[in-house]
Amino acid sequence: MIHSAPRLRMIPVGDDEMNNAKSWVHIADLGKHVGCLVSVRGWLQAHRSSGKVAFLQLRDGSGFCQCVVAADVPDAFAKTASLTLESSLTVVGEVRADQRAPGGFELLVRELDVIHIAAEYPISRKAHGTDFLMNHRHLWLRSPRQTAILRIRHRLIQAMRAFFDERGFTLIDTPLLTPGAAEGAGTLFPVDYFGDPVYLAQTGQLYLESAAMALGKVYCFGPTFRAEKSKTRRHLTEFWMLEPEVAFAELPEIAELAEALVMELVTTALRDCQAELAHLGREVAPLQKIALPFPRCTYSEVVDLLHSGQVRSQLEADMVAAENRLGELRAQLAEAEEARGGARKQWQQERLDQTLQQVREEIREVETRIRNLPAHMESAATFAWGQDLGGDEETIVSRQFDAPVIITHYPKTVKAFYMKPDPQDPRVVLNLDMIAPEGYGEIIGGSQREEDEHALLARMDEEGMDRAAYEWYVDLRRYGSVPHGGFGLGVERVVAWICGLRHIRETIPFPRLMGRLTP
RNA sequence: UCCGGCGUAGCUCAAUGGUAGAGCGGGUGGCUGUUAACCACUAGGUUGUAGGUUCGAGCCCUACCGCCGGAGCCA
């Protein structure tokens with residue numbers, strides 16, 4: 001944290017210069033100034049008052065601090081009466097260590113200046129629904145849970161870039177406006193470009209391959225856009241992707257790079273974001289179990305697994321477990337409803353109401369799972385070689401392991417034209433997907449690229465693609481073509497997984513989802 | 001696009017087809033150590049929209065709108 005440290009003077013209480021104190025201190029640093037008079041500025045996050053003492057909880061972005069205003073400081077005390085939630089203010093006071101203060105330190109206020117009295121703040125300290133919170137995303141960001149997520153996101157992005165910078169990669173910014181592409185045009189957002197239709201990029205890869213031929217090891221980090229009409233907890237229409245591309249690298253090397261990156265992210269979070277993960281209630285044991293190398297299997301092995309009795313009995317066990325859970329929850333619901341009727345105290349009622357809501361929500365979830373499980377069993381048992389793996393299949397596979405799992409060698413028919421077929425078995429390509437544990441889905445997709453001009457052109461023809469539009473891309477195979485490959489990592493999915501979030505919408509400051517563009 | 005769920009006060013939620021309620025938040029007053037403070041009082045409603053069934057609809061039926069979750073597709 002940067003503050004005016006060089007000019008900071010710690011002024012002992014009672015010093016005549018007290019009133020000239022302009023030593024702004026960040027709340028995170030209060031512990032260094034116990035017994036001194038300091039100034040703090042921030043927003044009022046919570047307040048309580050008795051007749052003769054008021055407690056103000058101030059947030060300044062670095063932390064939270066309880067400010068105590070006693071009635072024997074009449075000027076300041078009078079001002080506390082007008083304060084509303086999220087009002088901005090500055091206070092001057094003495095830092096004290098006190099067990100009763102959240103965080104262990106508090107400020108005994110001498111002066112209080114109001115910067116702005118906030119209008120009635122829509123977000124209370126009580127529970128809100130997601131629609132309401134999403135409509136107030138610009139304010140929701142101020143809540144401790146959201147700031148914790150944003151800090152973890154920041155730290156992980158820092159670690160991603162450091163990972164590649166330290167390995168000699170060069171950052172390449174790829175264009176976001178791209179000409180009409182044959183590949184998956186239905187999932188691209190069209191943009192009017194001086195009268196011509198162009199599209200928002202869904203990957204920087206083709207451009208990155210060009211740059212890899214110039215610089216050897218490159219990566220891009222930027223937003224990508226998918227117009228898929230997906231309304232699930234794993235999808236955004238605008239999300240950030242980290243894509244490395246490496247010249248002379250073949251599939252095994254790409255896989256090693258991918259697992260080293262993800263391992264580094266997990267290690268970073270566990271080391272540097274303990275407080276934030278704790279605040280989110282993230283159980284860290286599953287993250288701590290992760291170690292290199294990550295398990296690997298081929299698509300064909302996954303198909304065999306899906307057909308196995310192992311998976312069948314696991315899904316049957318899931319069904320029994322879900323039904324048992326549902327029974328438990330219904331009993332819990334009935335019990336809580338009865339207790340609710342008999343509850344006298346308000347706080348008891350409130351607590352029970354909250355329990356009721358949680359139980360009802362989980363019941364809906366378990367019911368959904370029970371509805372879907374027969375379909376999962378059916379699709380696993382009848383899964384035919386050549387189909388693409390769906391989210392259900394991925395989840396089934398990932399549950400066999402404690403770490404992210406790398407699946408390679410998919411049928412070429414379900415993968416992109418630029419992926420290189422396996423010389424040992426041309427039905428499959430040299431690709432990799434990495435599936436996160438705990439049902440968070442695919443976090444990485446990548447491959448070794450086809451480096452032969454004629455093979456690439458043949459694949460483009462098969463896909464019915466316009467050769468002219470990709471002349472420049474094919475050129476890379478005409479001037480010193482080399483084996484190369486890379487992958488893309490979905491930043492938000494990684495953040496959601498590491499934070500243990502139920503929904504991806506909280507991983508990005510202003511999520512763009514199907515049907516939601518504001519704020 | 002398909003399947004399921006939900007829509008009641010500013011917010012979170014109650015309410016057998018029979019007088020629409022509570023808590024929080026707001027307002028007023030009280031309280032010298034609060035931790036989602038507490039206590040008392042108070043204001044606050046076209047039950048998403050439009051039809052229908054019924055003596056009577058927040059509740060039942062139909063359509064539409066909105067939101068949530070899931071499938072497909074993907075990172």
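A quick note: this is a predicted structure, and the numbers were derived from the prediction, not measured. Note on naming: letters A, B, ... go to the chains in the order of the sequence lines (proteins, then strands), and numbering restarts at 1 for each one.
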Expressed in angstrom and rounded to an integer, what is the separation of [X] atom [atom1] from [N] atom [atom2]?
| X | N | atom1 | atom2 | answer |
| --- | --- | --- | --- | --- |
| M514(A) | U1(B) | CE | C1' | 9 Å |
| L85(A) | G26(B) | CG | P | 7 Å |
| L108(A) | G33(B) | CG | C1' | 12 Å |
| L373(A) | G70(B) | CG | C1' | 13 Å |
| Y410(A) | C74(B) | OH | C1' | 12 Å |
| E394(A) | C73(B) | CD | C1' | 11 Å |

Any donor-acceptor pair under 3.5 Å linking the side-chain atoms of [Y] with those of [X]?
| X | Y | value |
| --- | --- | --- |
| E243(A) | T203(A) | yes |
| Q146(A) | E506(A) | yes |
| Q314(A) | Q400(A) | yes |
| Y410(A) | D433(A) | yes |

Ignoring hydrogens and geometry beyond distance, is the side chain of R493(A) in donor-acceptor contact with the base of C74(B) at under 3.5 Å?
yes

I'd like to know if [X] and [Y] make a salt bridge, using a cut-off of under 4.0 Å between side-chain N and carboxylate O.
| X | Y | result |
| --- | --- | --- |
| R110(A) | D75(A) | no |
| E492(A) | R153(A) | yes |
| E438(A) | R282(A) | yes |
| R59(A) | E86(A) | yes |

Enumerate the protein-to-nucleotides 2-10 of chain B contacts in which both atoms are nitrogen or oxygen and the separation is below 3.5 Å.
residue: G4(B); atom: O2'; partner: R371(A); partner atom: NH2; Å: 3.3

Selection from [options] that lies nearest to any side-chain heavy atom of [X]:
| X | options | answer |
| --- | --- | --- |
| F239(A) | G70(B), A75(B), U32(B) | A75(B) |
| T130(A) | A71(B), C68(B), C74(B) | C68(B) |
| H128(A) | U12(B), G72(B), U34(B) | U12(B) |
| S50(A) | A71(B), A75(B), U32(B) | U32(B) |
| S230(A) | G33(B), C74(B), C73(B) | C73(B) |
| R516(A) | C73(B), U34(B), C68(B) | C68(B) |
| E442(A) | A75(B), C74(B), G33(B) | A75(B) |
| S49(A) | C31(B), G33(B), A71(B) | C31(B) |
| K229(A) | G33(B), A75(B), G72(B) | G72(B) |

Looking at every strand, decide which applies to [X] at a 4.0 Å heavy-atom threshold: base, sugar-phosphate, or nothing.
| X | result |
| --- | --- |
| E106(A) | base |
| G129(A) | sugar-phosphate |
| Q66(A) | base |
| L236(A) | base |
| G390(A) | nothing |
| R234(A) | base |
| D433(A) | nothing |
| H503(A) | sugar-phosphate |

Identified pairing partner of G69(B), criterion: Watson-Crick or G-U wobble below 3.5 Å
C3(B)

Between S447(A) and R449(A), is a side chain to side chain donor-acceptor pair (under 3.5 Å) present by the stated rule, with each step listed?
CA-CA 6 Å; S447(A) 73; R449(A) 322 303 187 188; 2.8 Å; yes

Take R505(A) and V414(A), find for each the nucleotide of RNA chain B with the closest heavy atom, and name the residue whose nucleotide sits nearer the 5' end.
R505(A)

Say you pick atom C1' in G45(B) and the same atom in G10(B); how far apart are they, in whole Å?
12 Å

Would you call the rings of F221(A) and W240(A) parallel, tilted or perpendicular, where under 30° means parallel and over 60° means perpendicular?
tilted

Taking the side chain as every heavy atom from C-beta outward, state whether E228(A) and H235(A) have any atom pair closer than 4.5 Å.
yes

Taking N or O atoms only and anything under 3.5 Å, show me the protein contacts with nucleotides 46-48 of chain B, one pair per line.
none

